[in-house]
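Worksheet: the structure to be examined is printed underneath.
First the proteins, then the strands, lettered A, B, ... as listed; each starts at 1.
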2 protein chains.
Amino acid sequence: MDDRDAPAYFALFNEIGILSQLSRAALEARLPNGLLVTHFGVVNHLIRVKDGQTPLVLARAFQVPKTSMTHTLAGLERHGLVEMRPNPKDARSKCVWLTDAGRAFRDQAVADISFMMAPLAEAFAPERAAALLPELAALRQVMDAARDGEDG
Amino acid sequence: MDDRDAPAYFALFNEIGILSQLSRAALEARLPNGLLVTHFGVVNHLIRVKDGQTPLVLARAFQVPKTSMTHTLAGLERHGLVEMRPNPKDARSKCVWLTDAGRAFRDQAVADISFMMAPLAEAFAPERAAALLPELAALRQVMDAARDGEDG
DNA sequence: GGCATTTGGTGCGGCATCGTACTAAATGGT
DNA sequence: ACCATTTAGTACGATGCCGCACCAAATGCC
């Protein structure tokens, strides 16, 4: 790699890091009492894809260690937003099911966050957001592949 | 905002969050013993802009709470990479100065990380990274502005 | 000058994240 | 069927991040 190429990646990762921080803070400000973006993310995922998935599948989907997912799911269960039931296919495993409260929480959160995003849409059109996605997804794919490690 | 616009932002922030996580992990794997991306970021910033800045200025530059910056700077000082001297303009304040070890650390880290990025450059050309930057920077700007407008 | 308010920095405590190590169950080779 | 290996989930401990409360110095107001 040419030495002049590095700064582009440095700047890119720097921008991504700060954006991650800012978006995290912005979203969490609109979430109820002790709930974090990770909680919303999991519930949202369970609705968008389907519930009944195992913790490990979720951990992989979010690219986090399984211990982190255990912790997040414990929080969701404490708040009554999901229910952990045994996995009929595998006695070691569990399945994560949404509760009615979980679905209600997600609907409310989506509404609140959408409301928060209204001014954002004026300064940064959704088309621009959509246009960024494929490239970022491609970059993610590449970094995934480059990842040494295991976990899983 | 149209309800159909929200998913674009959700997906974008989700991708950004995961990329932040992946890049953080990838960079930290190339950093010496207990040093984190935050440490590198500060040292790099002190070189790119200039050293002698106060902790508060740095905290604002990185969009982190000042307590976090205190913590990061304490780590850098413990490793002998920066030196905290009293601020001649303000007795409450301090100035952060790079040490020779700090500059050496930065050079080494840049080299190591550039080396690590070589395979990345093959699958994701630097031009693509550079092309993403302006849009992400614009988005950051917008979110910064939205943040300032909030109650605190 | 005297006093209230603001500002820079830090100690402390709570919480999230994640690596290590462990248990229990499934899998595969024989 | 047996046993070694792999896999799902968790307990525990270490560490980073950050909000709150506090102190000391600066600033503003009279």
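Distance alone, capped at 3.5 Å, places no donor-acceptor pair between the A/D51 side chain and the A/L46 backbone.
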Which donor-acceptor pairs under 3.5 Å do the side chains of residues 72-83 of chain B make with protein atoms, sequence neighbours left out?
| residue | atom | partner | partner atom | Å |
| --- | --- | --- | --- | --- |
| B/T72 | OG1 | B/S68 | O | 3.1 |
| B/H79 | ND1 | B/G75 | O | 3.0 |
| B/E83 | OE1 | B/R85 | NE | 2.9 |
| B/E83 | OE1 | B/R85 | NH2 | 3.4 |

Can I get a per-line list of side-chain donor-acceptor pairs under 3.5 Å for residues 17-29 of chain A, giving both atom names and the distance, sequence neighbours left out?
| residue | atom | partner | partner atom | Å |
| --- | --- | --- | --- | --- |
| A/Q21 | NE2 | B/Q63 | O | 3.4 |
| A/S23 | OG | A/L19 | O | 3.0 |
| A/S23 | OG | A/S20 | O | 3.1 |
| A/E28 | OE2 | A/V37 | N | 3.1 |

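Both A/L120 and A/M116 are members of a single hydrophobic cluster when ILVMFWY side chains are connected at heavy-atom separations under 4.5 Å.
With D/dA25, C/dT17, D/dG9 as the candidates, the nucleotide lying closest to the side chain of A/R24 is C/dT17. Checked against D/dG16, D/dT10, C/dG9, the side chain of A/K94 finds its nearest nucleotide in D/dT10. With C/dT17, D/dA25, D/dG16 as the candidates, the nucleotide lying closest to the side chain of B/D90 is D/dA25. Out of C/dT17, D/dA8, D/dG9, the shortest distance to the side chain of A/H71 is found at C/dT17. Minimum atom distance to the side chain of A/R92 is reached by C/dA25, of the listed D/dG16, D/dG9, C/dA25. In the set D/dC17, D/dC20, D/dG9, the nucleotide with an atom closest to the side chain of B/T67 is D/dC20.
The residue among A/A91 and B/R60 whose nearest nucleotide of DNA chain C is located toward the 5' end is B/R60.
Nucleotide C/dG11 holds its P atom 13 Å from the CG atom of B/L73, rounded to whole Å. Protein atom CE of A/M84 is 5 Å distant from nucleotide atom P of D/dT10, rounded to whole Å. One atom, CG of B/L76, and another, P of D/dG16, lie 12 Å apart when rounded to the nearest Å. The CD atom of B/Q21 sits 15 Å away from the C1' atom of D/dC17 (whole-angstrom rounding). At whole-Å resolution of the value, CG in A/L22 and P in D/dC17 are 16 Å apart. Distance A/L36 CG to D/dC18 P: 12 Å, rounded to the nearest Å. Between A/L35 atom CG and C/dC15 atom C1' the separation is 14 Å, expressed in whole Å. Rounding to whole angstrom units, CG of residue A/N87 and P of C/dA26 are separated by 10 Å.
In this structure, the helix from C/dG1-D/dC30 to C/dT30-D/dA1 shows an angle of 30° between the axis at its start and the axis at its end, each fitted on 5 base pairs and rounded to 10°.
A sub-4.0 Å separation between OP1 or OP2 of C/dG8 and a side-chain N or O of B/T54 is absent. The phosphate of D/dA26 has neither OP1 nor OP2 within less than 4.0 Å of any side-chain N or O from B/K89.
Within 4.0 Å (heavy atoms only), B/S93 reaches sugar-phosphate atoms of the nucleic acid but no base atom. Here B/S68 lies in heavy-atom contact (under 4.0 Å) with a base. Looking at heavy-atom distances under 4.0 Å, A/E28 makes no contact with the nucleic acid at all.
Residues passing the side-chain contact (heavy atoms from CB on, under 4.5 Å) test with A/R128, sequence neighbours excluded: A/F124, A/A125, B/E135, B/A138. Applying the side chain to side chain donor-acceptor pair (under 3.5 Å) criterion to B/N14, with sequence neighbours excluded, gives no partner residue. Remark: A/A131 engages no residue in a side-chain contact (heavy atoms from CB on, under 4.5 Å) (not counting sequence neighbours).
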Self-check item: Full working for side-chain contact (heavy atoms from CB on, under 4.5 Å) between A/L58 and A/M69
Solution: CA-CA 7 Å; A/L58 291 171; A/M69 186 51 66; 4.0 Å; yes

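Scanning atom types as modelled, one donor and one acceptor separated by under 3.5 angstrom connect the side chain of A/K66 and the base of D/dG9.
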